[in-house]
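A quick write-up on the structure given underneath.
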Amino acid sequence: MADAKGRIEKLKKAINKYRYDYHVLNKETISIEALDSLKHELKKLEDEYPELVTPDSPTQRVAGEPLKGFKKITHRVPMLSLEDVFSEEEFSDWEKRIAKLLHISYTTELFSELKFDGLAVSLVYKNGVLDYASTRGNGKVGEDVTQNIKTIEAIPLRLEKDIKGEVEIRGEVIITRKGFEKINREQKKKGEAVYANPRNLAAGSLRQLDPKMTASRNLDFHAYDIVGDIGQKTHAREHEILRELGFKTDKEAHIAKKPEDIFKFKEKIEYLREKLEYEIDGLVIQINDNAIFDKLGVAGKAPRGAIAFKFAPKEATTIVRDILVQVGRTGKLTPVAVLEPIQVGGVTISRASLHNEEEIRRLGLKIGDTVIVGRAGDVIPDVRKVLKELRRGKEREFHMPKQCPVCGHKAERDKGGPLTFCLNKKCPAKHREGIYHFVGKNAFDIDGLGPKIVDVLLDEGLIQDAADIFDLIEGDIKPLERFGEKSAENIIRAIHAKEKITLPRFLIALGILHVGEETALDLADRFGAQEKIKEASLEEINDIENIGDVVTKSVYDWFRDPYNKRYLEKLLRRVSIEKYHQPSGKLKGKIFVLTGSLETITRGEAKARVRKLGGKTSESVGKDTDFVVAGSEPGSKLDKAQKLGVKIIDEKEFLKMI
Ligand code: IVH
């Protein structure tokens, strides 16, 4: 209880600060998703300890103070907000709660629609004519934005049907993603602040004092609610009436009979999300029958009969329980954060690489800290920021060990660099990781031979090094079948299928420090054969355009190490390297950098095609880059290309070239 109290206090303070930055200063100091994550934690704690809820808690407040400069309008019926759920489990909990309240063992029909990421507004029509319009503001009082609303063509100034008296329509003012990008480009050109997201832009555009400015923003509107009774019995019917009155409603919206329909719908929309014209951040699900919806009433600031089913956030906050140190195949010691398990991007993560000592220093991370985690490139978990204001004084400093955590041998920082290495050549951890790498995708790519089987092969003494893999027979693997991987026969077949290998893959498989895909290709292109690389002088290696001093020394030293020499000979007695054909296509010598996502071709394919035609690909834009291929939502590489004056081409042009 005391712990919860302290945590709640810290959370409230932090949330209030970020909210102020975001809503008042229009500054996004942490992402809205990370903020949501903090709010979610607070809400959960408060649910657990209701006696700790105070009236000033962010969970008790509705966003957005009305700005000065606009007339205030008091809503006739408060504009509520929605409770969020993030998982199927939380959604089912909501359903069960409703069913219990209604004394039924199943939920009635649900209505499901997209949750647009825009700004909620209220439109009041008098005798069919738009009388006034206001923003949601704090839910009770909003701002009069009638003049600006009138510039939005999607909003009828007169309803398509004459309705006597007053009728209030609610919905979301939104802007297309393309419109958002365009305006931000213009803002940048003018040297003005860019908007953090389409929602901020919609809000900013409606709060322009000059309606001409609003008009230039091409805002759109989707209606989702009719306040008061004009004969609508269900929410589905409400959508129909809204269309009859001249509004757009969500085209994907539909009735769901059971929760599984909702889960399927969500999956479909999550897949479609990137392709939609508008930014959405989840689904709104509500009881379709309005009488039941009304009967359920309101809890706090949200109706009980509706819920926002949010998409898996790409960022979340969690606690770093510990920092472990892993030893990789090159002997590199990598600190890894052990996290309180948390959902990010739809999967639960419990570990995140911290890369090296410098990164920990840069983040200012201590064990016990609350951090923002995300997934780099939407895949690899990473720690992005430490929320130092949530510290309690019990956090512990982390120190990189002076000894290898696996073999106990001395570990040292690389001269001048941020990395720490185990100095023991025969460190078992290095060895093990090296074999995982050897059988992995970019190297020998042996089907069905994953780390689990490699572990057993090593532990049972069936292999000493990677070369031994080629001496295995079915009988060695048979007892391992319980691991549920492929059958022994298939694995042995897969091993033999890889006895011939291309030169670049062979070089990658050797596990030479700093030799990844690009460097292996550069070495193959320059020397053409393993024997030549083995004998190449420092100058010859250093001569290669993309290869600097550090990589040169690493390659040169590897081939001169007695231990490696013996291993190389052993390996070459078991596998053969295919003759390497230096590429000589029409893209010879041209360097390509890919950024953003391509629609008709995967990144891997695109790179392979470039290489086949004699070109090269690189991960970073430099002066020697010939083309930057910009897909949709390109990153900072595009800005860099513009700065350096590198030619930028789109996917269509690129496809023509390849
Ligand atoms: S229904 C009680 N339907 O989400 C509020 N809201 O978190 C009923 N929103 O303030 C709202 N799309 O700004 C509803 N299809 C939709 C929506 C939607 C976006 C926003 C709206 C609301 C917020 C609630």
Side-chain angles (χ1 to χ4, degrees), residues 19 23 32-33 35-36 39-40 43 58-59 61-64 75-86 91 94 110-123 133-143 145 149 154 168-175 197-203 206 219-228 232 234-236 238-240 242-243 247-256 262 265-266 269 273 276-288 290 293-294 296-311 313:
R19 281 181 80 101
H23 290 286
I32 199 83
E33 294 181 328
L35 180 60
D36 273 350
K39 283 196 236 165
H40 202 61
K43 178 83 177 66
T59 57
R61 201 177 76 157
V62 188
H75 301 301
R76 304 178 315 162
V77 177
M79 289 182 83
L80 301 172
S81 60
L82 294 172
E83 204 62 70
D84 291 337
V85 293
F86 290 90
F91 178 80
W94 169 73
L110 296 172
F111 191 82
S112 171
E113 61 194 292
L114 301 184
K115 184 170 187 305
F116 295 102
D117 194 14
L119 194 75
V121 296
S122 143
L123 313 169
S134 58
T135 62
R136 170 159 153 232
N138 63 11
K140 290 199 182 88
V141 180
E143 298 136 22
V145 287
I149 280 290
E168 181 179 350
I169 309 295
R170 288 177 182 175
E172 201 82 354
V173 169
I174 49 182
I175 185 156
N197 50 44
R199 174 202 154 83
N200 271 11
L201 176 51
L206 267 194
L219 299 172
D220 198 354
F221 179 78
H222 271 81
Y224 50 66
D225 198 13
I226 302 171
V227 184
Q232 72 277 26
T234 64
H235 197 68
E238 208 161 315
H239 270 229
E240 264 171 40
L242 284 166
R243 283 193 297 276
F247 293 94
K248 263 190 237 186
T249 60
D250 169 27
K251 288 190 203 70
E252 303 285 345
H254 67 276
I255 294 172
I262 305 267
F265 179 54
K266 179 155 175 279
I269 297 298
R273 188 176 175 194
L276 292 176
E277 234 186 315
Y278 295 97
E279 193 80 58
I280 55 173
D281 56 356
L283 305 178
V284 174
I285 317 285
Q286 58 196 293
I287 305 277
N288 191 35
N290 286 343
F293 181 93
D294 290 342
L296 282 165
V298 174
K301 51 168 189 165
R304 286 198 186 86
I307 200 110
F309 197 170
K310 294 286 226 24
F311 294 136

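Remember, it's 1-based here, ligands and their atoms both numbered in the order they're listed.
In this structure, the protein non-hydrogen atom closest to atom 8 (C) of ligand 1 is Leu82 CD2, 4.1 Å. Looking from atom 23 (C) of ligand 1 to the surrounding protein, the closest heavy atom is Lys115 NZ, 3.9 Å. Ranking the protein heavy atoms by distance from atom 13 (O) of ligand 1 puts Glu172 OE1, 2.7 Å first. With hydrogens left out, the protein atom closest to atom 15 (N) of ligand 1 is Leu114 O, 2.9 Å, a heavy atom.
For Ala306, the closest heavy-atom approach to ligand 1 does not fall below 4.0 Å. Within the 4.0 Å heavy-atom cutoff, Pro303 counts among the residues contacting ligand 1. Residue contact check for ligand 1: Asp225 places no non-hydrogen atom closer than 4.0 Å to it.
Side-chain contact check for Arg136 versus Leu119: every heavy-atom pair is 4.5 Å or farther apart. In this structure, the side chains of Lys248 and Arg243 stay at 4.5 Å or more apart for every pair of heavy atoms. By the 4.5 Å heavy-atom criterion applied to side chains, Leu110 and Ile287 are counted as neighbours. Side-chain contact between Phe111 and Glu238 is absent, with no heavy-atom pair separated by less than 4.5 Å. For the pair Phe91/Ile285, a side-chain contact is recorded, criterion being any heavy-atom separation below 4.5 Å from C-beta on. Looking only at side-chain heavy atoms (C-beta outward), Ile149 and Ser134 stay at 4.5 Å or farther from each other. Contact check for His222 versus Leu114: no side-chain heavy atoms found under the 4.5 Å cut-off.
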Step by step, would you call Val284 with His235 a side chain to side chain contact (heavy atoms under 4.5 Å, CB included)?
CA-CA 12 Å; Val284 174; His235 197 68; over 6 Å; no
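In this structure, Phe86 has its ring center closer than 6.0 angstrom to the ring center of His40.
Taking distance alone, with nitrogen or oxygen atoms compared against 3.5 Å, Leu119 stays at or beyond that limit from ligand 1. Taking any N or O of Glu113, backbone or side chain, at least one lies under 3.5 Å from an N or O belonging to ligand 1. Considering backbone and side-chain atoms alike, Gln286 places every N or O at 3.5 Å or more from each N or O of ligand 1.
Among Phe111, Phe116, Tyr224, the residue whose heavy atom lies closest to atom 1 (S) of ligand 1 is Tyr224.
The atoms of ligand 1 that sit less than 4.0 Å from any heavy atom of Arg136 are 10 (O). Atoms of ligand 1 lying under 4.0 Å from any heavy atom of Leu80, numbered from 1 in the order shown and given with element: 2 (C), 5 (C).
Residue contacts with ligand 1, taken as heavy atom pairs separated by less than 4.0 Å, do not involve Asp117 at all.
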